[in-house]
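The structure appears right after this line, and notes come after that.
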2 protein chains.
Amino acid sequence: MTDTIRPTRTTASRYGGRPTMKDVAARAGVGLKTVSRVVNGEEGVSPDTGRRVQEAITALGFRRNDSARVLRKGRTASVGLVLEDLADPFYAPLSRAVEEVARLHGALLINGSSTEDPAREQELVLALCARRVDGLVIVPAGDDHRYLAPEIAAGVATVFVDRAPGLIESDVVLTDGFAGAREGTAHLIAHGHRRIGFVGDQPHIQTASERLRGYRAAMADAGLPVHEPWITLGPTDPARVTAETWRLLAGPEPVTALFTGNNRVTVTAVRVLAASGRRVALVAFDDFELADLLSPAVTVVAQAPAQLGRTAAELLFRRLEGTEQATQRLTLPTRLLPRGSGELPPQD
Amino acid sequence: MTDTIRPTRTTASRYGGRPTMKDVAARAGVGLKTVSRVVNGEEGVSPDTGRRVQEAITALGFRRNDSARVLRKGRTASVGLVLEDLADPFYAPLSRAVEEVARLHGALLINGSSTEDPAREQELVLALCARRVDGLVIVPAGDDHRYLAPEIAAGVATVFVDRAPGLIESDVVLTDGFAGAREGTAHLIAHGHRRIGFVGDQPHIQTASERLRGYRAAMADAGLPVHEPWITLGPTDPARVTAETWRLLAGPEPVTALFTGNNRVTVTAVRVLAASGRRVALVAFDDFELADLLSPAVTVVAQAPAQLGRTAAELLFRRLEGTEQATQRLTLPTRLLPRGSGELPPQD
DNA sequence: ACCACTGCTGACAACGTTGTCCAGTTACGA
DNA sequence: TCGTAACTGGACAACGTTGTCAGCAGTGGT
């Protein structure tokens with residue numbers, strides 16, 4: 001008995017019973033292609049036939065299988081976004097902005113968090129390529145993106161955001177972290193500070209090292225020496241940052257001001273400053289909610305994460321629409337928002 | 001001349017030049033199926049052949065087309081998440097948790113923000129169904145989900161989170177907003193407050209009305225009257241919440257304490273309280289970053305958004321693995337975190 | 001020498017959709 | 001009345017992959 005194997009079926013059975021166009025066609029008594037025409041709103045179907053087909057569609061609960069459509073058409077109407085951590089208050093609005101632009105172009109967003117791990121970044125990106133996303137927006141974790149070369153050659157539009165790609169040519173949208181950090185640090189110097197601590201992220205992260213460069217540049221501009229112990233770089237986990245911040249505040253010649261390199265570092269540093277009871281000035285890179293309500297309110301060098309995401313997504317879709325110009329590198333400025341903490345005078 | 005039409009091709013040409021298994025097979029001098037076997041790590045390929053195929057794969061930069069695979073296999077290894085706003089500090093960790101669980105199950109996450117618009121929720125959900133996601137996690141915006149019936153019947157696993165679905169049976173994971181709001185309000189009453197304001201979200205949102213119910217229950221428990229002007233419900237935009245909060249603080253018998261219904265409302269209310277200079281007690285539903293650093297630190301009824309997401313995702317994958325038990329309704333408890341603002345005594 | 005068996009390999013169909021092309025029907029002017 | 005154009009509908013192939021099955025060599029036992 002083999003008659004139960006591969007029976008020709010007219011009733012839906014796979015996908016737990018998902019009807020196909022064939023099923024709809026059978027029910028409406030029309031041809032397959034006619035159903036396709038109705039589903040896609042193509043012309044050339046009489047109103048009467050159209051109505052019969054529509055009825056069959058609702059009766060069966062038919063939904064077009066986009067996988068098959070993609071296979072046939074070659075476009076998926078979806079873009080991928082890979083970033084460090086979707087829940088990070090800096091990246092969440094960025095992601096949201098990309099989603100919004102994608103929606104305007106009728107595309108869905110698939111995203112993944114790399115957790116700052118280059119291997120995972122690559123894994124995610126390639127998984128997205130396997131799904132044939134039309135384009136990719138990437139906040140890179142690694143610094144070697146040669147693995148993307150075949151994909152880009154195959155036509156996957158790619159835009160990097162917040163950090164530049166490594167060993168590969170591509171569109172990039174960045175924030176000017178160097179200028180921002182320089183301005184923020186200069187602000188502290190202008191308020192009389194000479195011993196300024198820098199609490200940053202891991203040095204191999206581009207944005208982190210750019211900001212450090214800005215700090216050094218501002219100090220150099222003012223002719224101030226930088227004592228290396230004033231600088232602490234590394235993972236942003238609260239334990240490390242707490243310990244290091246305390247260290248900067250201790251000793252015979254403690255820092256009188258802090259420049260914090262990103263929002264995660266900032267919240268931890270703020271906690272330490274509050275606990276220490278010292279009036280240490282603070283300028284933070286990256287704005288955060290309620291910064292204005294702390295006492296003192298926190299002076300920040302604000303980035304525009306949503307604008308970053310929007311710009312990148314728009315660039316991506318411009319590429320998808322066929323722009324063939326050379327790859328671009330856009331840089332968005334930061335904005336210094338004085339709120340109080342950055343204007344505290346030095347206290348020795 | 002029609003010989004340029006539909007030429008049989010051995011070299012890749014579509015997708016901007018993406019090689020297929022056929023191309024790999026040709027280059028390696030083997031059959032199509034053998035390439036498939038190698039790509040999927042199936043056994044039954046001699047080491048020598050396997051090596052030749054691997055070389056061809058890397059030489060051509062081949063990447064399996066998952067769309068075609070999905071079409072053939074019926075499973076996409078992707079799940080959809082629809083929520084209100086990805087960038088909301090409450091939903092971001094929820095989303096992240098779902099992503100994490102999905103990753104453990106080898107699935108990707110596709111998400112969309114409904115912006116609290118039922119039509120957009122439906123549009124997104126159906127788009128995800130058309131892509132044949134294996135399952136859906138939904139934070140509903142609407143209150144009628146009958147449109148999902150055919151999808152669920154067709155085998156799309158569905159779990160609702162944070163709010164229950166309408167007119168449909170499904171798994172749900174909720175936070176006990178009623179109990180949480182009741183406890184928070186009771187906390188204020190225990191500290192001597194009699195006139196307590198409630199600043200909430202739009203009343204048609206389940207979580208909002210549940211929390212209001214909890215507030216009323218606590219007042220009733222204590223035998224206290226509720227004056228309706230103490231209650232304000234509506235959109236959470238800062239303008240409205242600011243105006244309404246000022247209103248609650250005005251008049252001959254102003255409230256001496258506030259209960260705020262969600263994190264967006266809370267930050268606005270905190271701003272107003274700070275600006276007013278009044279010592280009004282505050283208990284907020286939903287924890288938020290830096291709540292402990294404000295002065296006074298904000299007492300909150302904390303939810304566990306990540307746990308909510310994780311629980312929902314785990315339930316989803318249990319379904320996908322074939323659990324056939326009746327639909328479940330899980331409720332997670334809240335936790336009252338006294339920090340100062342909720343323990344202020346009444347000041348008239 | 002033959003057979004049974006095992007281990008590799010490839011031909012072929014099918015997944016559900018869309019593009020191409022052709023056939024049938026109707027309407028209209030010559 | 002016929003020819004022709006306009007319109008409607010359907011048969012068929014193709015997209016790139018995987019499941020089924022059959023064939024082919026090599027091996028070992030009789």
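All figures in this text were calculated on a predicted structure; none of them were measured in a lab. Chain letters run A, B, ... following the sequence lines, proteins first and then strands; every chain starts at 1.
Between the CZ atom of B/R131 and the P atom of C/dC15 there is a distance of 23 Å, given to the nearest Å. At whole-Å resolution of the value, CG in A/L71 and P in C/dG16 are 12 Å apart. Following rounding to the nearest Å, B/D48 (CG) and C/dC8 (P) show an atom-to-atom distance of 12 Å. When rounded to the nearest whole Å, the span between CD of B/E42 and P of C/dG10 equals 14 Å. For the pair B/M21 CE and D/dG16 P, the computed distance is 12 Å after rounding to whole Å. In this structure, B/R52 places its CZ atom 14 Å from P of C/dC8, rounding to the nearest Å. For the pair A/R63 CZ and C/dT17 P, the interatomic distance rounds to 12 Å; values are reported in whole Å. If you measure from atom CG of A/N65 to atom C1' of D/dG16, you get 14 Å, rounded to the nearest angstrom.
Here B/N40 lies in heavy-atom contact (under 4.0 Å) with sugar-phosphate atoms only.
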Exercise. So A/R18 and B/E151, salt bridge (charged side-chain N to carboxylate O under 4.0 Å, His left out) or not? Walk me through it.
Worked result: CA-CA 8 Å; A/R18 257 195 194 288; B/E151 310 303 326; 2.5 Å; yes

task: Give the intermediate values and the outcome of salt bridge (charged side-chain N to carboxylate O under 4.0 Å, His left out) for residues A/E100 and A/R103.
output: CA-CA 5 Å; A/E100 201 53 40; A/R103 193 180 77 96; 3.4 Å; yes

Could you walk me through whether B/E55 and B/R52 pass salt bridge (charged side-chain N to carboxylate O under 4.0 Å, His left out), step by step? CA-CA 5 Å; B/E55 279 166 17; B/R52 274 216 320 289; over 6 Å; no

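Applying the side chain to side chain donor-acceptor pair (under 3.5 Å) rule to pairs touching residues 135-147 of chain B yields B/E121-B/H145, B/E121-B/Y147, B/D144-B/R146, sequence neighbours excluded.
For the OP1/OP2 pair of D/dT18 and a distance below 4.0 Å, the side-chain nitrogens and oxygens of B/R69 include at least one atom meeting the criterion. For B/S36, a side-chain nitrogen or oxygen approaches OP1 or OP2 of D/dT18 to under 4.0 Å.
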Give me, pair by pair, the N or O atoms of the protein and of nucleotides 7-10 of chain D that are less than 3.5 Å apart, along with how far apart they are.
from, atom 1, to, atom 2, distance (Å)
D/dG9, OP1, A/S46, OG, 3.4
D/dG9, OP1, A/T49, OG1, 2.2
D/dG9, OP2, A/S46, N, 3.2
D/dG9, N7, A/R37, NH2, 3.1
D/dG10, OP1, A/G31, N, 3.2
D/dG10, OP2, A/G31, N, 2.3
D/dG10, OP2, A/T34, OG1, 2.9
D/dG10, N7, A/R37, NH2, 2.9
D/dG10, O6, A/R37, NH2, 3.4

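Looking at every heavy atom in both residues, A/I57 comes nearest to A/V24 through CG1-CG1, 3.7 Å.
Counting only distance, with no hydrogens or angles, the side chain of A/D134 and the backbone of A/A77 share a donor-acceptor pair below 3.5 Å.
Annotation: salt bridge (charged side-chain N to carboxylate O under 4.0 Å, His left out) contacts of A/R37 (sequence neighbours excluded): none.
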